[in-house]
Every structure is written in structure tokens, then in C-alpha cells.
Amino acid sequence: DWMAKMIDFSRFVDIGNPVTNLAHQDVKTCLLNSKAAEVIQLVLEGYNRIPVTDDKTHYHGMIKAIDVLDFLGGGPKYSKFLSGRMNAKAEHIMETSAEAVTPKHTAAKVLDGMKKRNLDSCPLLVGKKFSALVSEASFVHRVRGRTGIKVSEAMVHKPMIAKEHMPVAD
């Protein structure tokens, strides 16, 4: 059972070091007043987490692909789409509940917090300014297949398959 082989990240990452050593610096951001069309284009280009800042790089929230689906008709943000269409602002799509970390946080503290709160990412802030992004990939990339766990042991065996005629909300 793969769960019995849970990864000890301390074998691959110096978890006592500042989280800045793991954080992704090269992150695509958008402004609060960016249009929905611009945000959707970023998601289509493969950016799954888009920090939202003001023109002084102060962090205000995060847009994930699921937020875009919500906005386009899969959830409560759809009302913002109806009122602004593709000209609606990023601030109407973003979530503000992300838990920020600072350069003082250790990798161990951030990893523990992400696991306990079931978070996939945390913005790294210096003061109020967005600096980088810490995600599950920040840790996983350090492991690079050296776990001894096979894909067949961890994969979902019966994934849900959506048919093309199904509404996104289903």
C-alpha cells in the first residue's frame, strides 16, 4: 500500500531552511483590474494559479482554474460574468482566502500548514508585496521520482469521466 510509504520530505529538502529556497519566483501575475478575457487566456496558456496584485505589487488574492470555471457558469461567481462578461475585472474572479507565508517561514512549517489546511499553494509575501509562490510542486519537484512509490500504487483507478455534452457544473 503506497500510503504506508508516505514521503519523508526531509530526505529531499532541507526543511529547516527558509521557504524562499523552494518558492517559484517566475510566476505570472495579473492586476486587480485585468479583464476576465486576459485571465482566461493565462489559464488557457497553462497558468493554474495566478496571483492578483495592484500596480504596486501588493497581493490581493489568487485566481485558480476552478475560479475561472466558477466565473464562467459553474458557481456563484457567474453573476459577475453576467454583469460584466469578458470585461469583468480579475478582482471579481479571485479568491482572497489564500494563506500567505513570509521569508521567515521554514519549509517544514509551510509544508505542515499546507497539509493540515489542504492547501495547494501559498503566496510568499514580503510585507504586503507578492514575491513568489510556494506550491505542492515546490516540494514534489525536489523529490524527482526518488520515492520508491510506483505510479500504479498512487493513481486513481476509476477516475470520473465527463462526457462532452455535460454542463461544467455537473
Compare every heavy atom of H24 with every heavy atom of S135, then report the nearest pair and how far apart it is.
-> OG-NE2, 3.6 Å
For L125 and F130, the nearest pair of non-hydrogen atoms, with its separation, is CD2-CA, 3.7 Å
Going hydrophobic residue to hydrophobic residue with side-chain gaps under 4.5 angstrom, can you get from M86 over to V68?
-> yes
Distance in Å, L111 CG paired with K116 NZ, rounded so as to fall on 0.5 Å steps = 11.0 Å
Is the shortest side-chain N to carboxylate O distance from E95 to K64 below 4.0 Å?
-> no
Scanning both residues in full, the closest heavy-atom pair of P103 with L124 reads N-CD1, 3.6 Å
Could you tell me which non-hydrogen atom of I50 sits nearest to which non-hydrogen atom of V39, and how far apart they are?
-> CD1-O, 4.0 Å
What one should report as the nearest heavy-atom pair of I63 and C30 is CD1-SG, 4.2 Å
Min side-chain heavy-atom separation T102-V126 under 4.5 Å = no
Looking only at non-hydrogen atoms, find the nearest pair between S131 and Q25 and report the distance.
-> O-OE1, 3.7 Å
Between the NZ atom in K109 and the CE atom in M114, the distance rounded to the nearest 0.5 Å is 14.5 Å
Residue list, side chain to side chain donor-acceptor pair (under 3.5 Å) with K89, at least two apart or on another chain = none
The reported gap from CZ in F71 to CD1 in I40 (rounded to nearest 0.5 angstrom) is 6.0 Å
Kindly indicate whether the side chain of M94, heavy atoms from C-beta on, has any atom under 4.5 Å from the side chain of V52.
-> yes
Would V101 and Y59 show up in the same hydrophobic cluster when neighbours are defined by side-chain heavy atoms closer than 4.5 Å?
-> no
Atom pair NZ (K56) and CG (L31), whose distance is rounded to the nearest 0.5 Å | 12.5 Å
Looking at V43, V27, D120, which one forms a side-chain contact (heavy atoms from CB on, under 4.5 Å) with R49?
-> D120
Would you check, one step at a time, whether the test side-chain contact (heavy atoms from CB on, under 4.5 Å) holds for H60 with T96?
-> CA-CA 7 Å; H60 288 270; T96 58; 6.0 Å; no
To the nearest 0.5 Å, atom NZ of K28 lies from atom CG of L42 at 6.0 Å
Enter the distance from L32:CG to I93:CD1 here, rounded to the nearest 0.5 Å.
-> 11.5 Å
